Amino acid sequence: TAFRMPDYKVNLLFLGAISLKYIALVTIVIDLLSVTSANGGGHIAHLGGALLGYWFIVRWEKGKDLTAPVNKLIDKIVTGFKPRPKIKVSRPSNRSSSRPETDMEYSLPKKRKDCSKPGKNNVVMKHVVKVILLLLNLLWGLLLVIGSYSAYFPSRIGTLVELLFPLNLFACIAFFFIWLAYNPRYIWVPLAALVISWGGIARYCPVHKPQPIDNSQPGFSLMTYNAYFFLDYEGTDTRQNRTLSFILSQNADLVCLQESPGLIAPNPGLKITGEQIDSVNTLYPYRIPTTHGMNFLSKYPATLLFDTVYSESSAIAIYRVKIEDHTVTVVNQHMESIGLTQTDKELYHEITAHPNTDRLDEIKKHLLSKLMNAAEIRNRQADLTAEKIQNIPGNIIVCGDFNDSPLSYSVRKFHSMGFRDAYNELGLGPGITYHANRFWFRIDHILYKGNMEARWLVRQRHKSSDHYPLVTRFVWENSENH
């Protein structure tokens, strides 16, 4: 209505008569400014509805009714699929009278009816909308490109654009279809952003056909899992510890655990039974617990090369494993936590569920500052780990809870050293591994290099922890010993 009758006035309380075009413009600006709020999804839906309505009117004025297929289907259902007689309709040359007037148009005074005719107001409105859409598209496209290469920007900027990357990707895809329908001459804007950002898009959201679980070829399987200290995240009442039962059921050859107890003796408080401990000892004769919750379970002979504590919430442990005639170095790391205490996480969950709070902006600023500070610490930790393993030859696996996205500096640091990402090669979709408190990101990774190749990977959606575990199978590329 605002597009067809922009000067139609509506009486608002305390404001008087306001033209529809101004009401529409203010509403759109408010939704745009609120996209990053706690109710961002709702504001995106409003913008999507506005764009869809605008698209519908543009196509309608060109003589194409987008609802015609639905109307025909309804007509067929109502008439029992009976053929209707063909009626020849002659349309006047005046486009404004090419259809019957609506009740609202009929009831308007003549001078107000005239404002619905295409004219100067509509031309100006079209131009304003086009400029606004183009500027927004350029902004979101730029943010998408920066997000794809966030590792090369200062950590504070990189962290922010990483968090916004899914939103920016969705916006550029939406603009692609908007320009395709409205004005194809501008389709190059979102297309250029998507092409330039393709490397980051492929890392963030790879698209691969899931590979079947096949253990027929020589190799080994590995699981990485932040076990949440074997507490039950869902609070399920069971006789035995659910996390440990799940780990045993997966039967992986190597298991890298973060936030894990030693698994040396039964623990009634965690519901770790003697039967479970016996199963661990039988299945994994080589067990290497270290400080700060780092634990390693292996079916093959394994020794600890060294372990290092980075901070109260982060550490690494490096093991050497002998698998038949092959040697593999495994780096189990838990990098600096996201920087939020449990109270902060609960607060974030509360404000996203109930955004109507006077302190929302202050809280968001406080949480964002913590996220950025933690990102800077993880960057330094990634450099330290890289220094420790840069001279280690042969097969190396770096896995664990990075607390960082696939686009982060800490992940790209290992890519630059020749490491391959198992999920990027085999995964489908964003592969979220952290699912608590509405922080839905892939922050657990399995990186590797050497004389081996990842053949299948599974992200297990087991919710006894706040993380999902990753399990992958490696096979040897040839028979050379390493």
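Any value given below was found using the heavy atoms of this structure, including those in side chains, with hydrogens, waters and symmetry copies removed. It should be emphasised that the depicted structure is a prediction, and the values quoted were computed from it without experimental measurement.
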Indicate, with yes or no, if the rings of [X] and [Y] have centres closer together than 6.0 Å.
| X | Y | value |
| --- | --- | --- |
| W440 | H435 | no |
| F165 | Y204 | yes |
| Y319 | F296 | yes |
| W456 | F474 | no |

For [X], which of [options] qualifies under side chain to side chain donor-acceptor pair (under 3.5 Å)?
| X | options | answer |
| --- | --- | --- |
| S410 | N403, D404, T385 | D404 |
| T433 | T224, D444, N226 | D444 |
| K271 | T238, N241, D237, T243 | D237 |

Should the ring pair Y228 and Y233 be called parallel, tilted or perpendicular, given that the plane angle runs from 0 to 90° and is split at 30 and 60?
->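 If you compare the ring of Y228 with that of Y233, the planes turn out perpendicular.
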
Determine the interplanar angle of the W140 and F175 rings, folded into 0 to 90°, and report it as parallel if under 30°, tilted if 30 to 60°, perpendicular if over 60°.
->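 Tilted.
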
Are the side chain of N183 and the backbone N or O of Y186 linked by a donor-acceptor pair below 3.5 Å?
->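 Side chain of N183 to backbone of Y186, a donor-acceptor pair under 3.5 Å: no, none is there.
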
Other residues, nucleotides, ligands: >12 heavy atoms within 6.0 Å of F306 CZ |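 Yes, because the 6.0 Å sphere around CZ of F306 holds more than 12 heavy atoms from other groups.
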
Got a salt bridge between [X] and [Y], using NZ or NE/NH1/NH2 to carboxylate O under 4.0 Å?
| X | Y | result |
| --- | --- | --- |
| E336 | R380 | no |
| D383 | K413 | yes |
| E477 | R420 | yes |
| R473 | D253 | yes |

Qualifying residues under salt bridge (charged side-chain N to carboxylate O under 4.0 Å, His left out), relative to E376, sequence neighbours excluded =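 For E376, the residues satisfying salt bridge (charged side-chain N to carboxylate O under 4.0 Å, His left out) (neighbours in sequence not counted) are R156.
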
Knowing that exactly one of L447, I446, T472 qualifies, which makes a side-chain contact (heavy atoms from CB on, under 4.5 Å) with I397?
->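 For I397, the side-chain contact (heavy atoms from CB on, under 4.5 Å) test succeeds with only one of L447, I446, T472, which is I446.
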
